There are 2 protein chains.
Amino acid sequence: MVEDASPQGSECPVARTLESIGDRWSLMIIRDAFDGIRRFSEFQKSLGVAKNILASRLKTLVEVGVFDIRPASDGSAYKEYVLTEKGREIFPVVVSIRQWGERFLFKPQETRSVLLDNASGQPLMPLEVRSSNGQKLEPSDCHRMRLVNGVKDA
Amino acid sequence: MVEDASPQGSECPVARTLESIGDRWSLMIIRDAFDGIRRFSEFQKSLGVAKNILASRLKTLVEVGVFDIRPASDGSAYKEYVLTEKGREIFPVVVSIRQWGERFLFKPQETRSVLLDNASGQPLMPLEVRSSNGQKLEPSDCHRMRLVNGVKDA
DNA sequence: GAATCAGGTTTCAAATTGCAACCAGTCTTT
DNA sequence: AAAGACTGGTTGCAATTTGAAACCTGATTC
């Protein structure tokens with residue numbers, strides 16, 4: 001009896017990630033959450049997305065473990081959607097997307113929103129891919145490998 | 001006469017990025033390109049995507065400037081899709097997505113594909129968001145600001 | 001207690017996706 | 001040089017997903 005190799009999702013972490021949070025609205029919702037948005041109506045107002053779509057996305061994001069539902073912090077009977085640890089760790093993804101967009105999709109003087117460090121008020125350092133010993137890596141400096149049971153596959 | 005504030009796309013770099021490369025297939029195509037895939041049929045085989053969808057995505061990725069079309073390097077009359085500088089700079093986005101997936105979407109012993117540094121054969125360093133002076137930043141250490149003509153907006 | 005707001009669900013039309021068939025140039029094989 | 005296969009698509013159609021709007025229930029405010 002052989003165990004099913006992939007009960008859910010692909011073997012590629014990129015593919016599997018995109019399956020759970022990889023649509024436009026989910027990432028925009030998460031971006032808003034990083035700005036402190038927690039309530040359904042606030043997400044809806046900020047994004048302008050249809051309510052049924054927002055409800056559906058929030059539901060799957062909760063199922064996937066990116067958001068928790070909690071009673072609202074203002075004591076009302078309503079709920080709040082707050083990022084879990086798993087959700088907060090999406091921060092580098094959103095920041096790298098933001099930095100790419102700032103660099104390649106805006107003209108220098110064009111109006112944009114930027115992310116600043118609270119302490120210094122300065123823009124963030126550009127994210128760079130580095131090897132385990134700190135060397136900066138280009139795409140061509142890396143290769144993919146299949147890892148089966150923690151061991152390299154032929 | 002007032003200039004139109006946003007002729008195309010949102011003011012948020014995250015939103016604008018997701019508009020151009022933010023669907024599942026586009027990012028998967030780019031991921032494959034980082035693995036050296038260049039030909040239409042190779043993308044199609046690797047991704048299992050419908051040919052009309054692939055054609056449509058490649059077309060917009062070329063229009064957006066992420067890919068260039070070049071004559072095939074093997075001397076045949078066919079074409080190749082190769083990443084531009086702009087396209088190669090999506091690397092941190094793909095790597096951050098990959099690292100999040102590896103960490104949160106796989107059980108420890110589960111078969112997966114990993115990205116290794118050619119030089120050392122080791123996994124990459126986890127991407128971290130840092131301030132301009134190198135301090136590691138959490139989402140709550142940052143704030144968004146609107147930048148109009150290079151100047152902070154009220 | 002009436003009106004309003006939060007957080008949805010339902011309905012239906014429109015857009016997108018995916019599959020399969022087809023097609024025009026290339027390239028290889030004989 | 002003709003036959004067959006491969007490359008890089010396009011076209012048509014069915015199925016799924018998306019989006020706008022109306023509606024609804026419980027909580028809150030007036």
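Source: prediction; values computed, not measured.
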Expressed as a whole number of angstroms, how long is the span from B/R38:CZ to D/dG8:P? 13 Å
Across all chains, not counting sequence neighbours, the ring pair (Phe, Tyr, Trp, His ring centres under 6.0 Å) partners of A/F40 are none
Exceeds 12 heavy-atom contacts within 6.0 angstrom, atom CD of B/Q135: no
So, A/E110 and A/R112, do they make that salt bridge, N to O below 4.0 Å? no
Identify the heavy atoms of B/E102 and B/S113 that sit nearest to each other, and give their distance. OE2-O, 4.1 Å
Atom CZ of B/F67 and atom C1' of D/dG8: how far apart are they, to the nearest Å? 16 Å
Hey, what else clusters with A/Y78 if you join Ile, Leu, Val, Met, Phe, Trp, Tyr whenever side-chain heavy atoms sit under 4.5 Å? none
Would you call B/K45 and B/E42 a salt bridge, using N to O less than 4.0 angstrom? no
Nucleotide by nucleotide, nucleotides 21-30 of chain D touches protein heavy atoms under 4.0 Å in the pattern (B base, S sugar-phosphate only, - none) -----BBS--
To which residues is A/L147 joined in a hydrophobic cluster, defined by side-chain heavy-atom contacts under 4.5 Å among Ile, Leu, Val, Met, Phe, Trp and Tyr, whether direct or through other members? A/M145, B/V114, B/L116
Salt bridge between A/K86 and A/D68, side-chain N to carboxylate O under 4.0 Å? no
Under 4.5 Å between any side-chain heavy atoms of A/Y81 and A/I37, yes or no? no
Protein N or O to nucleotides 15-18 of chain D N or O, pairs below 3.5 Å:
from, atom 1, to, atom 2, distance (Å)
D/dT18, OP1, A/R57, NH2, 3.1
D/dT18, OP2, A/R57, NH2, 3.1

Please name the pair of heavy atoms, one in B/L58 and one in B/I29, separated by the smallest distance, quoted to 0.1 Å. CD2-CG2, 4.0 Å
Rounded distance (Å) that lies between atom P of D/dT10 and atom CG of B/L54: 11 Å
For DNA chain C, determine which residues of residues 39-47 of chain B have any heavy atom closer than 4.0 angstrom to one of its atoms, and list them numerically. none
To the nearest angstrom, how far is B/I29 atom CD1 from C/dT17 atom P? 12 Å
Atom-to-atom span, CE of B/M28 to P of C/dG18 - whole angstrom: 12 Å
Using OP1 and OP2 only, check whether a side-chain N or O of B/Y81 sits under 4.0 Å from D/dT7. no
For the pair made of NZ in B/K59 and P in C/dT16, what is the distance, rounded to whole Å? 14 Å
What I'd like to find out is whether the side chain of B/L27 reaches to under 4.5 Å of the side chain of B/R57, using heavy atoms alone. no
